[in-house]
S.K.: 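This structure is in structure tokens; I'll ask about it shortly.
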Amino acid sequence: MTVGAESPLDDEKVKEALRLVIDPELGYNIVDLGLVYAVLVNDGGVVNIVMTTTTRGCPATTFMKEGARDAAWNVPGVEFVDVTLTYEPPWSPQKMSIDAKRHLRIGDDGDW
């Protein structure tokens with residue numbers, strides 16, 4: 001490997017970039033909130049992101065979709081980004097990381 005050469009594009013690099021996208025209502029990143037269901041890195045630098053929002057009709061939907069798209073575009077090697085919004089399965093606090101639950105003071109049992 002050449003010094004200074006970048007390692008190949010993978011889903012973890014994109015997920016790290018997506019952690020910069022903060023849900024404006026909850027004040028935490030969309031990955032640890034469990035809003036990102038899938039990140040697929042395909043040949044040619046094509047990235048597909050499947051995500052959701054905490055509720056249907058969330059007023060921040062466009063903001064978060066555009067944020068995910070823009071964050072992924074900033075990862076070296078990404079040539080195209082497609083963000084798909086889904087509500088299946090529905091989001092729940094159980095999808096959150098332990099750190100996000102602690103930040104929002106949610107118990108492991110889902111109690112707020």
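Bear in mind that the values here come from a model prediction, so they are computed numbers and not experimental data.
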S.K.: Do Val50 and Ile30 share a hydrophobic cluster (ILVMFWY, side-chain heavy atoms under 4.5 Å, transitive)?
M.R.: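 Yes, same cluster.
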
S.K.: With rounding to the nearest 0.5 Å, note down the distance linking CZ in Phe80 to CH2 in Trp73.
M.R.: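 Reported to 0.5 Å precision, the distance equals 7.0 Å.
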
S.K.: Same cluster or not: are Val41 and Val83 linked, directly or through other Ile, Leu, Val, Met, Phe, Trp or Tyr residues, by side-chain heavy atoms under 4.5 angstrom apart?
M.R.: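 Yes.
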
S.K.: Establish whether Met96 and Ile22 are linked, either directly or via other cluster members, by ILVMFWY side-chain heavy-atom contacts under 4.5 Å.
M.R.: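 In one cluster with Met96: Ile22, no.
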
S.K.: Using every non-hydrogen atom in the two residues, find where Ala68 and Val21 come nearest and quote the distance to one decimal.
M.R.: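 Nearest pair, atom of Ala68 first, then Val21: N-CG2, 3.8 Å.
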
S.K.: If every non-hydrogen atom of Thr52 is compared with every non-hydrogen atom of Trp91, which pair is closest and at what distance?
M.R.: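 Closest heavy-atom pair between Thr52 and Trp91: CG2-CB, 3.9 Å.
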
S.K.: Would you say Leu35 ends up clustered with Leu104 if hydrophobic residues are merged whenever their side chains have heavy atoms under 4.5 Å apart, either directly or through other cluster members?
M.R.: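 Leu104 clusters together with Leu35.
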
S.K.: Give the minimum heavy-atom separation between Met64 and Cys58, together with the two atoms involved.
M.R.: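 That closest heavy-atom pairing would be CE-SG, 4.2 Å.
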
S.K.: Quick check: closest heavy atoms across Glu25 and Pro59, and the distance to 0.1 Å?
M.R.: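 For Glu25 and Pro59, the tightest heavy-atom pair comes out as OE2-CG, 3.5 Å.
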
S.K.: Hey, are Glu88 and Thr86 close enough side-chain-wise for a donor-acceptor pair under 3.5 Å?
M.R.: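 The answer is no; no qualifying pair exists.
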
S.K.: What do the steps show when you test Leu18 against Ile49 for side chain to side chain contact (heavy atoms under 4.5 Å, CB included), and what is the final call?
M.R.: CA-CA 10 Å; Leu18 294 177; Ile49 300 167; 4.1 Å; yes

S.K.: In terms of hydrophobic clusters joined by side-chain contacts under 4.5 Å, are Val31 and Phe63 together?
M.R.: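 They do share one cluster, since a chain of ILVMFWY contacts under 4.5 Å joins Val31 to Phe63.
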
S.K.: Would Thr61 and Leu85 count as a side chain to side chain contact (heavy atoms under 4.5 Å, CB included) here? Give the steps.
M.R.: CA-CA 9 Å; Thr61 300; Leu85 188 67; 3.5 Å; yes

S.K.: Establish, from distance only, whether the side-chain atoms of Asp23 and Asn29 form a donor-acceptor pair under 3.5 Å.
M.R.: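 No donor-acceptor contact under 3.5 Å links the two side chains.
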
S.K.: Less than 4.0 Å between a side-chain N and a carboxylate O, is that true for Arg19 and Glu16?
M.R.: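 Yes.
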
S.K.: Taking all atoms of both residues into account, what is the closest heavy-atom pair of Ala100 and Asp32, and its distance?
M.R.: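 Shortest heavy-atom contact: CB-O, 3.4 Å.
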
S.K.: Which heavy-atom pair separates Val81 from Val78 by the least distance, and what is that distance?
M.R.: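 Where Val81 meets Val78 most closely, the heavy atoms are CG2-CG1, 3.5 Å.
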
S.K.: Could you give the distance from CG (Leu9) to NZ (Lys13), rounded to the nearest 0.5 Å?
M.R.: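 Between atom CG of Leu9 and atom NZ of Lys13 there are 6.5 Å.
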
S.K.: Given Leu40 and Val47, is the side chain to side chain contact (heavy atoms under 4.5 Å, CB included) satisfied, shown in steps?
M.R.: CA-CA 6 Å; Leu40 306 168; Val47 175; over 6 Å; no

S.K.: Apply the test side chain to side chain contact (heavy atoms under 4.5 Å, CB included) to residues Lys95 and Tyr37: give CA-CA distance (whole Å), side-chain angles for both, the deciding distance (0.1 Å), then the verdict.
M.R.: CA-CA 9 Å; Lys95 295 187 182 311; Tyr37 288 171; 3.5 Å; yes

